[in-house]
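Taking it in order: structure first as structure tokens, then the write-up.
All ligand and atom numbering here is 1-based and tracks the order in the structure. Note that the structure is a prediction, hence the values are computed from the model and not measured.
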Amino acid sequence: MGVNGHSENETFRARRKRMMDAIAPGATAIMPSAPVAVRSGDVEFVYRQDSDFYYLTGFAEPESVALLSPGHPDGEFVMFVRPRDKERETWTGRRAGIEGAIIEYGADKAYVIDELEKVLPRYLEKSERVHYPLGLNEKMDERVMKLIRWAQTMRPRIGMGPSAIIDPRDIIHEARLMKEPAELEAMRRAMAISADAHKRAMMKARGGMREWQIEAEVDYAFRSQGATGPSYPSIIASGPNAATLHYISNDREMRTGELLLIDAGAEYDFYAADITRTSPIGARFSGLQRSLYEVVLDAQLKAIDAIKPGAHFDDPHETALRVLVDGMRQLGILQGSAEEIIEKGAYRRYYMHRTSHWLGMDVHDVGLYRVDGSSRVLEPGMVLTVEPGLYIAPDDDEVADSLRGLGIRIEDDVLVTPDGHEVMTAATPKSIADVEALTTAQ
Ligand code: GLY
Ligand code: MN
Ligand code: MN
């Protein structure tokens, strides 16, 4: 979306309209922007707007508040933003200011953020319910809660004012779970860029290189194609590091023939890709690596096949788990019946995470996984990952030496469609032949 054109404003306007319909007249929703975070000294982390705030406004600047107040006579959509400031803008870049908030972002009214204390009470005193996400931005929590408390003490005198504070995220997150065409477009771009990154990594990784050299290739593919960067810290895990789930130091020297597990996905225009591939470094899969890889790939393909409207969120996990357990029994990693292994959780030694999560603006995206105590029914427009794996610790003394220190995960991003599903990340190679074509390319 980026440059805020007319059609984009329509997208955000329609989302605010749905939000206002959901909270109904008599309520005000107050959304704070993400706080600025200090990295060290006087250096800040690169600013990333809060996903919910961006979803409703398309506004990426810090120190802002968006107000939705359906039916309010002074305006239903109000923004509080940083003022234009010629001198500061010389240092840190352009600000939209209050004029921009109205003209470019469609606010009915806009004020500078310092006017929050003056203006917000006018909205609070007319609201029975206030929707505010506590805990996102502590400084803003303090300012807003002070004003809400004031409005509550005025309630007996005015005869109106907030009697309930409600978390607006339930409504926004249900909306975010169902992806709109424009959102899918941004995700497809993030995924196409990520596919290039993975192919590049498989082609470049060779024995004697350091993992960070591959991380650099991934970053290059992301940034050179317009992605913001990685949507989460890239995992470049060679050899035994692949058995450490959140390995991100990425500094080991790789050896030819070892497995390289790369979990890396780009963020493009506020939307994430999340892809994992495991490939043999500068070589073909060895016999044992291949056997293990085939088990994980089979689990992943069958899990993906379980995705369709009407199926449950847990179905791909249960499908993958069954295939992984059967595979581990055949390879002599686990003993006993599959039922017993699953019942007792013995598989967790080698498969310790779940198979799927929602994907969208956030890599572990929002939306309920369970509804009324049951695993959620899948509907067209939802996007989830499918990412089974097997991880054998380097010091696991219950398996043969040859298996120790092997880690494999294969992760794709899958859209639920009216007819079934679409693997949105299909352009990233994963068959043994396609992977080997890259790892052995001259
Ligand atoms: N990259 C984070 C995950 O796969 O969940
Ligand atoms: Mn994932
Ligand atoms: Mn991942």
Side-chain angles (χ1 to χ4, degrees), residues 48 51 176-177 179 187-188 190-199 201-202 211 214-215 218-219 221-222 227-238 241-250 259-268 270-279 293 296-297 299-301 303-304 306-307 313-317 319-321 324 348 350-367 369 376 378 382-391 407-416 421-430 435:
R48 163 59 157 82
S51 296
R176 279 178 53 193
L177 178 57
K179 270 69 185 176
M187 292 178 81
R188 283 185 209 288
M191 291 162 188
I193 293 170
S194 306
D196 277 355
H198 279 271
K199 285 194 268 189
M202 287 183 212
E211 291 162 345
I214 300 308
E215 186 177 4
V218 168
D219 287 342
F222 288 175
T228 326
S231 60
Y232 53 89
S234 302
I235 296 170
I236 315 287
S238 65
N241 290 338
T244 301
L245 291 184
H246 288 163
Y247 174 80
I248 53 167
S249 38
N250 303 348
L259 289 181
L260 177 62
L261 184 157
I262 298 183
D263 185 345
E267 181 183 71
Y268 185 84
F270 284 87
Y271 286 85
D274 185 7
I275 303 178
T276 308
R277 290 293 184 262
T278 310
S279 60
Y293 189 89
V296 178
L297 184 56
Q300 205 238 11
L301 293 173
I304 289 172
I307 295 176
F313 176 81
D314 283 346
D315 291 350
H317 177 66
T319 305
L321 188 55
L324 292 176
R348 288 205 187 98
Y350 306 109
Y351 184 44
M352 53 298 272
H353 60 79
R354 303 280 302 180
T355 303
S356 299
H357 54 80
W358 305 129
L359 182 73
M361 297 183 84
D362 287 290
V363 63
H364 295 160
D365 207 37
V366 294
Y369 289 103
R376 182 156 199 157
L378 298 177
M382 295 174 169
V383 178
L384 63 158
T385 65
V386 180
E387 48 180 306
L390 286 178
Y391 315 91
I408 294 174
R409 176 164 68 255
I410 306 172
E411 174 174 32
D412 279 301
D413 306 335
V414 181
L415 168 68
V416 184
H421 62 261
E422 177 199 328
V423 181
M424 298 176 78
T425 44
T428 311
K430 70 178 171 185
V435 168

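Side-chain contact between I235 and R409 is present, with heavy atoms from C-beta onward closer than 4.5 Å.
Within the structure, the closest approach of R409 to ligand 1 does not fall below 4.0 Å when heavy atoms are considered.
The backbone N or O of I307 lies less than 3.5 Å from a partner atom in the side chain of H421, making a donor-acceptor pair.
For E211 and S238, the side-chain atoms include at least one donor-acceptor pair closer than 3.5 Å. Using modelled atom types and a 3.5 Å distance limit, the side chains of T385 and D274 yield no donor-acceptor pair. Side-chain polar atoms of H353 and Y391 form a donor-acceptor pair below 3.5 angstrom.
Every atom of ligand 1 with a heavy atom of E411 under 4.0 Å away is listed here by number and element: 4 (O). The contact set between ligand 1 and E387, taken as ligand atoms under 4.0 Å from a residue heavy atom, comprises 3 (C), 4 (O), 5 (O).
A salt bridge between D412 and R277 is present, with a side-chain N of the basic residue lying under 4.0 Å from a carboxylate O of the acidic one.
When OE2 of E411 and OD2 of D274 are joined through the Mn ion (ligand 2), the resulting angle is 80° to the nearest 10°.
Here the N, O or S atom of E387 that is nearest to the Mn ion (ligand 2) is OE2.
Among all non-hydrogen protein atoms, the one lying nearest atom 5 (O) of ligand 1 is H364 NE2, 2.7 Å.
Residue D274 holds the heavy atom nearest to atom 3 (C) of ligand 1 of all those in D274, T276, I235, V363.
Taking 2.8 Å as the criterion, H357 counts as a coordinating residue of the Mn ion (ligand 2), since one of its N, O or S atoms falls below it.
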